[in-house]
Amino acid sequence: MSKYYLNYLDELESEAIYILREVWAQFENPVILFSGGKDSILVTHLAKKAFYPAKIPFALMHVDTGHNFPETIKFRDDLINELGVKLIVGSVQESIDKGRVAEEKGKNATRNALQITTLLDAIEANKVDCAIGGGRRDEEKARAKERFFSHRDDFGQWDPKNQRPELWNLLNGKHFEGEHFRAFPISNWTEMDVWNYIKKENISIPSLYFAHEREVIWRSNSWIPVSKFLTMEKGEKLETKKIRFRTLGDITITGGIESDADTLEKIAMEVSAMRKTERGDRSDDKRSETAMEDRKKQGYF
């Protein structure tokens, strides 16, 4: 009697596809939260496989801070054209212009927390009842508390102590009007799993993930890329380094690492030896021990 075995990447893929199909079955207007980073690209790829040969049944929603890497925006637009799906853009700059949020000032100013209001406004305006994200439990201790289906109240807030039990493969998406869910199909993946799967499936990713020469400054124990949004402080020195980025956020807060990894194989080998989380070079997460959880409770990704 023959038996069929899945390797660990096939098992993770199968689990993620099951969750994506459950989202489509249980919710009326779900979207994929798309940042242009590797995890949201991976979720989009899994959605393609989940509903093939049909098109992805979800719109992609991007919260545009206005401080993005240009490479990320180009990658986003090219992918949207390739997939032929709807793109919903929430603009942080519009939120600032309307007086919905106030822009931070100073050396370490960031628009990261301002995304919360823009995201919740976009969810409400588009009547989204489930936003699918690429969050993984190994990224950060607050994300380790998430379920596959993560409930948000009618203010868009998250209560980590009041989540639905998920027994076996039973997922509960019932909610009252005004409430919504976040869904995390790749919760059980690690950074290493993501890179091995990207390599296996030959998934296109932004060039920022590969080692390349770039002008940077050393700030907050990271190599911060030079951009029109960066104001150099006294004592900071402009340098050209061969770096790559492990995670992509705003260009103002995303630190790079010195690296020679310019292929998927080299990236996978480099990540296998890492002992520091990929979000360790995000200056927004260094503000306090609970920075991520505090933002998530208010409605962050």
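Minimum heavy-atom separation, A16 to I186: CB-CG2, 4.4 Å. Residues N7 and D10 come closest through the heavy atom pair OD1-N, 2.8 Å. Across every non-hydrogen atom of P225 and R214, the tightest pair is CB-NE, 3.6 Å. Across every non-hydrogen atom of L248 and T72, the tightest pair is CD1-OG1, 4.0 Å. The shortest heavy-atom contact between P206 and I41 is CD-CD1, 3.5 Å. Here the closest heavy-atom approach between residue P160 and residue K145 is recorded as CB-CD, 4.2 Å.
Ring orientation note: the planes of H175 and F181 are nearly perpendicular, at an angle over 60° on the 30°/60° scale. Using a 30° and 60° split on the angle between ring planes, W24 and F58 fall in the perpendicular class, above 60°.
Residues V89 and I251 share a hydrophobic cluster, clusters being chains of Ile/Leu/Val/Met/Phe/Trp/Tyr side chains in contact below 4.5 Å. Residues L208 and I73 do not share a hydrophobic cluster, clusters being chains of Ile/Leu/Val/Met/Phe/Trp/Tyr side chains in contact below 4.5 Å.
Under the rule for a salt bridge (charged side-chain N to carboxylate O under 4.0 Å, His left out), the partners of D138 that lie at least two apart in sequence or sit in another chain are R136. For R21, the salt bridge (charged side-chain N to carboxylate O under 4.0 Å, His left out) test picks out no residue, with sequence neighbours left out. Under the rule for a salt bridge (charged side-chain N to carboxylate O under 4.0 Å, His left out), the partners of R244 that lie at least two apart in sequence or sit in another chain are E270. With sequence neighbours excluded, the residues that form a salt bridge (charged side-chain N to carboxylate O under 4.0 Å, His left out) with K266 are D262. Every residue meeting the side-chain contact (heavy atoms from CB on, under 4.5 Å) condition with E94, not counting sequence neighbours, appears here in chain and number order: S91, K98.
Between the side chain of D129 and the backbone N or O of N29, at least one donor-acceptor pair lies under 3.5 Å. Listed for the S222 side chain is no donor-acceptor partner under 3.5 Å among the backbone atoms of I224. Side-chain atoms of N68 do not come within 3.5 Å of backbone N or O of P70 as any donor-acceptor pair. For E215 (side chain) and T240 (main-chain N/O), no donor-acceptor pair under 3.5 Å exists by modelled atom type. Using modelled atom types, no side-chain atom of Y209 and backbone atom of G37 make a donor-acceptor pair closer than 3.5 Å. A donor-acceptor distance shorter than 3.5 angstrom exists from the side chain of Q26 to the backbone of L171, with no hydrogens or angles considered. Judged by distance alone, the side chain of R147 and the main-chain N or O of R164 form a donor-acceptor pair under 3.5 Å.
Interatomic distance, E233 CD to I217 CD1, rounded to the nearest 0.5 Å: 8.0 Å. Atom CG in N126 sits 6.0 Å away from atom NZ in K86 (nearest 0.5 Å). Here the NZ-CG distance, from K200 to L9, works out to 6.5 Å after rounding to the nearest 0.5 Å. Going from atom CG of D193 over to atom CD of E11 covers 11.0 Å, rounded to the nearest 0.5 Å. A distance of 7.0 Å separates CG of L230 from CD of E236, quoted to the nearest 0.5 Å. Rounded to the nearest 0.5 Å, atoms CD (Q163) and CZ (F148) are 13.5 Å apart.
Between I243 and S259 the shortest side-chain heavy-atom distance does not fall below 4.5 Å. Using a 4.5 Å heavy-atom cutoff, the side chains of I96 and V92 are in contact. Taking 4.5 Å as the limit, every side-chain heavy atom of V23 sits out of range of all side-chain heavy atoms of L20. Contact check for L12 versus Y197: no side-chain heavy atoms found under the 4.5 Å cut-off.
Remark: F176 CZ is loosely packed, at most 12 non-hydrogen atoms of other residues, nucleotides or ligands lying under 6.0 Å away.
R152 and E146 are joined by a salt bridge, as a carboxylate oxygen and a charged side-chain nitrogen come within less than 4.0 angstrom of each other. Between K242 and E258, none of the side-chain N atoms (NZ, or NE/NH1/NH2) sits under 4.0 Å from a carboxylate O, so this pair counts as no salt bridge. Electrostatic pairing of E28 and K127 does not count as a salt bridge here, judged by no charged N lying under 4.0 Å from a carboxylate O.
Between the side chains of T252 and T110, not a single donor N or O lies within less than 3.5 Å of an accepting N or O. Side-chain atoms of N81 and D77 include no donor-acceptor pair closer than 3.5 Å.
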Ignoring hydrogens and angles, write down the donor-acceptor pairs under 3.5 Å from the side chains of residues 43-50, residues two or more places apart or on other chains.
| unit_1 | atom_1 | unit_2 | atom_2 | d |
| --- | --- | --- | --- | --- |
| T44 | OG1 | S40 | O | 2.8 |
| H45 | NE2 | E201 | OE1 | 3.0 |
| K49 | NZ | E13 | OE2 | 2.8 |
| K49 | NZ | E201 | OE1 | 3.2 |

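F34 has its ring centre no less than 6.0 Å from the ring centre of H62. Aromatic rings from F27 and F149 are positioned such that their centres are separated by under 6.0 Å. The distance between the ring centers of F184 and W189 does not fall below 6.0 angstrom.
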